[in-house]
*Asks:* 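Structure provided below as structure tokens; questions to follow.
Bear in mind the structure is a predicted one, so any value in this text is a computation, not a measurement.
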There are 2 protein chains.
Amino acid sequence: MEELDALLHQPLRTQLVAYLAAAGELTFSDLKRQLDVSDGNLDAHLKKLLAADYVAVRKESGKGRPQSFFVLTPTGLAALHAYVQQLQKLLPLGEASPAPDAGLITGLAG
Amino acid sequence: MEELDALLHQPLRTQLVAYLAAAGELTFSDLKRQLDVSDGNLDAHLKKLLAADYVAVRKESGKGRPQSFFVLTPTGLAALHAYVQQLQKLLPLGEASPAPDAGLITGLAG
DNA sequence: GTATTTAACTCTGATTTGCAGAGTTTATTG
DNA sequence: CAATAAACTCTGCAAATCAGAGTTAAATAC
């Protein structure tokens, strides 16, 4: 049985990676604002994603203050894709039933 | 902005709750086998879910060894439902686009 | 019917993760 | 050039995660 990617399956990192996937490229400050997180915390999570080669940095200096631009790497994008597949197998996401043998999580509305 | 439920957004607990939702009721040993996890670890996670009233126990003794049967409570089921909604907003799950302004995470296959 | 084994938990302590704020560096403003 | 502020980075503490030792109770052997 496959397990959920622990690197992605964490509140802050899931959002972070989702934002990067949507936006393509974001600065440290962009992420800090969007995630509403402390500097140190964001730094720690980015370091993990960098270490795993899920994201990459492009540092720009010269014009204006130095800034770091973060992007998803192909590795990170593939991991995200796999992660989403895992979630779909596990949970009743989207409209289709995830498994043929079970109609998971129904009868909620009542 | 709403955040992901930290109690549910954790590898073991997400799976645990998904299994409970699918099966309706599982014993400690069932969960241990399915999740392939140590006794202590499973106990700790169950305690958290019990403390949050996401799951409930029914303890049976008398016939055979004493066993604990775990179920999702209505609270837990509602939390799971809300959690899935959050994921759908954040990630491109299912077939439908999550947001009108972005076609998230495309161009993966190439 | 008592001793031994084994399933079903539960508790404890160690490791890892997550977090916030202090510290550092570099540009901009007066 | 001094002061301010943005953009990070580092350090240490608090909480979460985990594995295995310990406990209780039923089943099996004798």
Side-chain angles (χ1 to χ4, degrees), chain A residues 1 3-20 23 25-71 79 83, chain B residues 1 3-20 23 25-71 76 79 83 90:
Chain A
M1 127 121 62
E3 294 182 8
L4 291 167
D5 185 335
L7 201 53
L8 293 180
H9 199 67
Q10 195 277 341
L12 247 164
R13 289 193 297 265
T14 302
Q15 286 185 260
L16 197 164
V17 167
Y19 289 163
L20 279 185
E25 190 175 68
L26 292 169
T27 66
F28 189 91
S29 303
D30 290 338
L31 289 168
K32 193 177 140 188
R33 266 173 238 121
Q34 298 225 21
L35 297 168
D36 190 31
V37 71
S38 70
D39 296 23
N41 197 8
L42 177 55
D43 180 61
H45 285 293
L46 283 170
K47 276 215 180 98
K48 270 193 187 181
L49 293 168
L50 288 166
D53 191 38
Y54 279 19
V55 318
V57 216
R58 181 171 60 81
K59 301 214 179 195
E60 235 173 59
S61 323
K63 46 187 174 183
R65 293 171 198 287
Q67 271 191 312
S68 301
F69 294 84
F70 297 91
V71 225
Y83 169 64
Chain B
M1 129 121 62
E3 294 182 7
L4 290 167
D5 185 335
L7 201 53
L8 294 180
H9 199 67
Q10 195 277 341
L12 247 165
R13 288 193 297 265
T14 302
Q15 285 184 259
L16 198 164
V17 167
Y19 289 162
L20 279 184
E25 190 175 69
L26 292 169
T27 67
F28 189 91
S29 301
D30 291 337
L31 288 168
K32 193 178 141 189
R33 266 174 239 120
Q34 297 226 21
L35 297 168
D36 190 31
V37 71
S38 70
D39 296 24
N41 199 7
L42 177 54
D43 179 61
H45 284 294
L46 282 170
K47 277 214 178 98
K48 268 194 188 181
L49 293 169
L50 287 166
D53 191 38
Y54 279 18
V55 317
V57 216
R58 180 171 60 82
K59 300 212 179 195
E60 235 175 58
S61 322
K63 46 186 173 184
R65 293 172 198 286
Q67 270 192 313
S68 301
F69 295 84
F70 296 92
V71 225
Y83 169 64
L90 195 62

*Asks:* Can you find a side chain N or O atom of A:Lys48 that sits less than 4.0 Å from OP1 or OP2 on C:dG18?
*Replies:* yes
*Asks:* Base, sugar-phosphate alone, or nothing: which one does A:Thr27 contact when heavy atoms must sit under 4.0 Å apart?
*Replies:* nothing
*Asks:* Using whole Å, what does the distance between atom C1' of nucleotide D:dC8 and atom CZ of A:Phe28 come to?
*Replies:* 6 Å
*Asks:* Under a 3.5 Å distance rule, please check whether A:Asp30 uses its side chain to pair with a backbone N or O of A:Thr27 as donor and acceptor.
*Replies:* yes
*Asks:* Rounded to whole angstrom units, what separation is found between the CG atom of B:Leu12 and the C1' atom of D:dT17?
*Replies:* 9 Å
*Asks:* Assign the ring pair B:Tyr83 / A:His9 to parallel, tilted or perpendicular, where the plane angle (0 to 90°) is split at 30° and 60°.
*Replies:* perpendicular
*Asks:* Would you kindly compare B:Arg33 and B:Ala44 by the position of their nearest DNA chain C nucleotide and give the one closer to the 5′ end?
*Replies:* B:Arg33
*Asks:* Counting only side-chain nitrogens and oxygens, does B:Asn41 get under 4.0 Å of the OP1 or OP2 atom of D:dT17?
*Replies:* no
*Asks:* Reckon A:Lys32 touches a base, only the sugar-phosphate, or nothing at all at heavy-atom distances under 4.0 Å?
*Replies:* nothing
*Asks:* Please report the distance, rounded to the nearest Å, between CD in A:Glu60 and P in D:dC8.
*Replies:* 11 Å
*Asks:* Please state how far atom CG in B:Asp36 lies from atom P in D:dA19, giving the value in whole angstrom units.
*Replies:* 9 Å
*Asks:* Looking at A:Asp43 and D:dC8, is any side-chain donor or acceptor paired with a base atom of the opposite kind under 3.5 Å?
*Replies:* no
*Asks:* If you find the nucleotide of DNA chain C closest to A:Gly40 and the one closest to A:Pro66, which residue's nucleotide is nearer the 5' end?
*Replies:* A:Gly40
*Asks:* Quick one: label B:Ser38 by what it contacts on the DNA or RNA (base, sugar-phosphate, nothing), any heavy atom closer than 4.0 Å.
*Replies:* base
*Asks:* Looking at A:Gln10, does any N or O in its side chain come under 4.0 Å of the phosphate oxygens OP1/OP2 on C:dC19?
*Replies:* yes
*Asks:* Could you please name the option among D:dT9, C:dC9, D:dA7 that lies closest to any side-chain atom of B:Ser68?
*Replies:* C:dC9
*Asks:* Expressed as a whole number of angstroms, how long is the span from A:Gln67:CD to C:dT25:C1'?
*Replies:* 15 Å
*Asks:* Side chains of B:Leu26 and B:Tyr19: closer than 4.5 Å at any heavy-atom pair?
*Replies:* yes
*Asks:* Check whether any side-chain heavy atom of A:Asp5 lies under 4.5 Å from a side-chain heavy atom of A:Tyr54, and answer yes or no.
*Replies:* yes
*Asks:* Assign A:Leu42 to base, sugar-phosphate, or nothing according to its heavy-atom contacts below 4.0 angstrom with the strands shown.
*Replies:* nothing
*Asks:* Within the pair B:Arg13 and D:dT17, is there a side-chain N or O less than 4.0 Å away from OP1 or OP2?
*Replies:* yes
*Asks:* Are the side chains of B:Phe70 and B:Leu16 in contact, using a 4.5 Å heavy-atom criterion?
*Replies:* no
*Asks:* Determine whether any donor atom in the side chain of A:Arg65 lies under 3.5 Å from an acceptor atom in the base of C:dT28, or the reverse, and answer yes or no.
*Replies:* no
*Asks:* Is A:Arg58 reaching over with its side chain to a backbone N or O of A:Phe69, donor-acceptor style, under 3.5 angstrom?
*Replies:* no
*Asks:* Under 4.0 Å between a side-chain N/O of A:His45 and OP1 or OP2 of C:dT17, yes or no?
*Replies:* no
*Asks:* Below 4.0 angstrom from OP1 or OP2 of C:dT10, is there any side-chain N or O of B:Lys59?
*Replies:* yes
*Asks:* Take the protein atom CG of A:Leu46 and the nucleotide atom P of D:dC8, then report the distance between them rounded to whole Å.
*Replies:* 10 Å
*Asks:* To the nearest Å, how far apart are B:Glu3 CD and C:dG18 P?
*Replies:* 14 Å
*Asks:* Can you tell me how far C1' of D:dC18 sits from CG of B:Leu31, to the nearest Å?
*Replies:* 17 Å
